[in-house]
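As a basis for the values below, the full set of heavy atoms in this structure was taken, side chains included, without hydrogen atoms, waters or symmetry mates.
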Amino acid sequence: MQAQTDFAPAHLLRGNVLAAMGRHAEAEACWRRTVELSPGEPAAHVNLALRLGELGRADAALAHARHALAINPVLFRAHYAAGLALLQLKSLAEAEASFAAARRLAPDNIEILRAHGRTQCMLGKADDALETLCRALELSPHDAEARRAHAEALLSRGQTAAAESALRALAAEHPDPATWSALGDLLRSTGRFEEAAGAYRRALAMDSGAIDALAGLTLGRSPLSPQEAANLENAAHRCELSAPDRAKLLHALGRHCEHLGALDQAFLHHAAAKRGAGFGPGHGHGL
């Protein structure tokens, strides 16, 4: 699909098609060309904000989201993109305000409800989070991500048994690495380390590079197997990782080295994680 070199809408459309095909880097290039030709095209800025957020480039993502909102302040996807970027930047109150603004404009959008509920949970607003996530589940009762977020809210409210029951039910109905990893996190938080390790390994049996499971496994009391250690090493150096995911895995490598008594190597991994591990697409902060 060829786009005219000087026709911004064609580049925007081509980027959208490429994104739908999973060709995200090419889509990003098209959206960048769109804003070069037509800086006042808010949809391209929103698309770039979401793409850069996925890569962990939160500052650049937020700049694009705010540019879109300056052009059109009632774009719910721009508020949502800004919220995601602010969440990465640990600006939780601002993120919640952005998600609330997005929700006012699109009250039944599942992605927004999930993000808003999770942020409310992080802020300690467990009752508000449960209300938000219950609404999400009313609209989409089989949405696995909303069900995991609802379990997180139950846990933050101190309803550990209910949270565990919810995650086990989800794992039985729709087993996937994210659910088993979430269950592992819950079990580890209650001191059930062996059960947690079992849950993480269920996730890794489905996806040997599952980031949360690999990271969670290194927080337990037993060292990784040689194969698990190799999987962790390989996962940490995948070129397509976002900066936050790479940092999570490098810290996990550091903990693994600590288990082995290789403290110098552990220090190097933790240091690389803290400085952003400047390789792969998550590196950089330009628009």
Side-chain angles (χ1 to χ4, degrees), residues 8 11-12 14-16 18-20 22-106 109-120 122-123 145 149 211-212 238-250 273-287:
H11 287 283
L12 176 62
R14 184 167 188 260
N16 294 346
L18 288 166
R23 294 161 62 179
H24 300 292
E26 294 170 83
E28 180 185 342
C30 289
W31 295 327
R32 287 188 181 280
R33 182 61 177 152
T34 304
V35 299
E36 287 173 5
L37 294 167
S38 181
E41 174 49 71
H45 285 289
V46 173
N47 290 346
L48 282 170
L50 292 169
R51 165 67 178 164
L52 292 168
E54 290 171 355
L55 295 175
R57 295 171 56 185
D59 289 329
L62 183 59
H64 278 291
R66 285 178 169 167
H67 196 132
L69 288 169
I71 299 164
N72 185 347
V74 294
L75 286 177
F76 74 86
R77 288 179 72 244
H79 286 287
Y80 172 67
L84 293 178
L86 288 162
L87 208 54
Q88 285 191 38
L89 294 168
K90 313 297 184 189
S91 298
L92 297 185
E94 289 182 84
E96 188 199 0
S98 290
F99 292 136
R103 189 175 168 186
R104 285 192 291 272
L105 295 164
N109 183 285
I110 299 299
E111 288 183 324
I112 292 168
L113 287 167
R114 287 192 310 235
H116 193 199
R118 279 208 159 110
T119 307
Q120 290 169 321
M122 292 177 194
L123 285 166
E145 193 173 340
I211 292 169
D212 290 335
R238 289 201 304 258
C239 65
E240 74 277 11
L241 281 179
S242 70
D245 282 343
R246 194 181 306 283
K248 181 182 289 189
L249 289 170
L250 286 170
K274 288 178 181 177
R275 68 172 178 265
F279 50 93
H283 181 60
H285 301 284
L287 290 176

| task | Indicate yes or no: does Arg32 engage Glu28 in a salt bridge with an N to O separation below 4.0 Å. | result | yes

| field | Considering all heavy atoms, the nearest Leu75-Ala68 contact | value | CD1-O, 4.4 Å

| query | Among all residues two or more places apart in sequence or in another chain, which pass the side-chain contact (heavy atoms from CB on, under 4.5 Å) test with Ala81? | reply | Ala49, Leu50, Ala65

| field | Euclidean distance, Glu145 CD relative to Glu111 CD, rounded to 0.5 Å | value | 8.0 Å

| message | Nearest 0.5 Å, please: how far is CG in Leu87 from CZ in Arg118? | response | 10.0 Å

| query | Could you give the distance from OG (Ser91) to CG (Leu62), rounded to the nearest 0.5 Å? | reply | 8.0 Å

| message | If you compare all heavy atoms of Ala115 against all heavy atoms of Tyr80, which two are closest, and at what distance to 0.1 Å? | response | CB-CE1, 4.0 Å

| field | ring pair (Phe, Tyr, Trp, His ring centres under 6.0 Å) involving His45 - partner list, sequence neighbours excluded | value | His64, His67

| Approximate separation, where rounding is to 0.5 Å, of Leu241 CG and Lys248 NZ | 11.0 Å

| query | Quick one: does Phe99's side chain get under 4.5 Å of Leu84's, heavy atoms only? | reply | yes

| Looking only at heavy atoms, what is the nearest atom pair of Ala27 and Ala19, with distance? | CB-N, 3.7 Å

| Leu18 CG to His24 NE2 distance, which is reported to the nearest 0.5 Å | 10.0 Å

| Considering all heavy atoms, the nearest Pro73-Leu105 contact | O-CD1, 4.5 Å

| message | If we ignore hydrogens and angles and just use 3.5 Å, is the side chain of Ser38 paired with the main-chain N or O of Thr34 as donor and acceptor? | response | no

| field | Heavy-atom closest pair, residues Ala95 and Thr119 | value | CB-CG2, 4.2 Å

| Asn16 and Trp31, any side-chain heavy atoms less than 4.5 Å apart | yes

| remark: Tightest non-hydrogen contact, residues Ala78 and Val46, listed as CB-CG2, 3.7 Å

| Any sub-3.5 Å donor-acceptor pair from Arg57's side-chain atoms to Ser242's backbone N or O? | no

| field | Gap separating the NE2 atom of His79 from the CZ atom of Arg104, nearest 0.5 angstrom | value | 8.0 Å

| query | Any salt bridge (Lys or Arg N to Asp or Glu O under 4.0 Å) pairs touching residues 73-100, not counting sequence neighbours? | reply | Arg66-Glu94, Glu96-Lys125

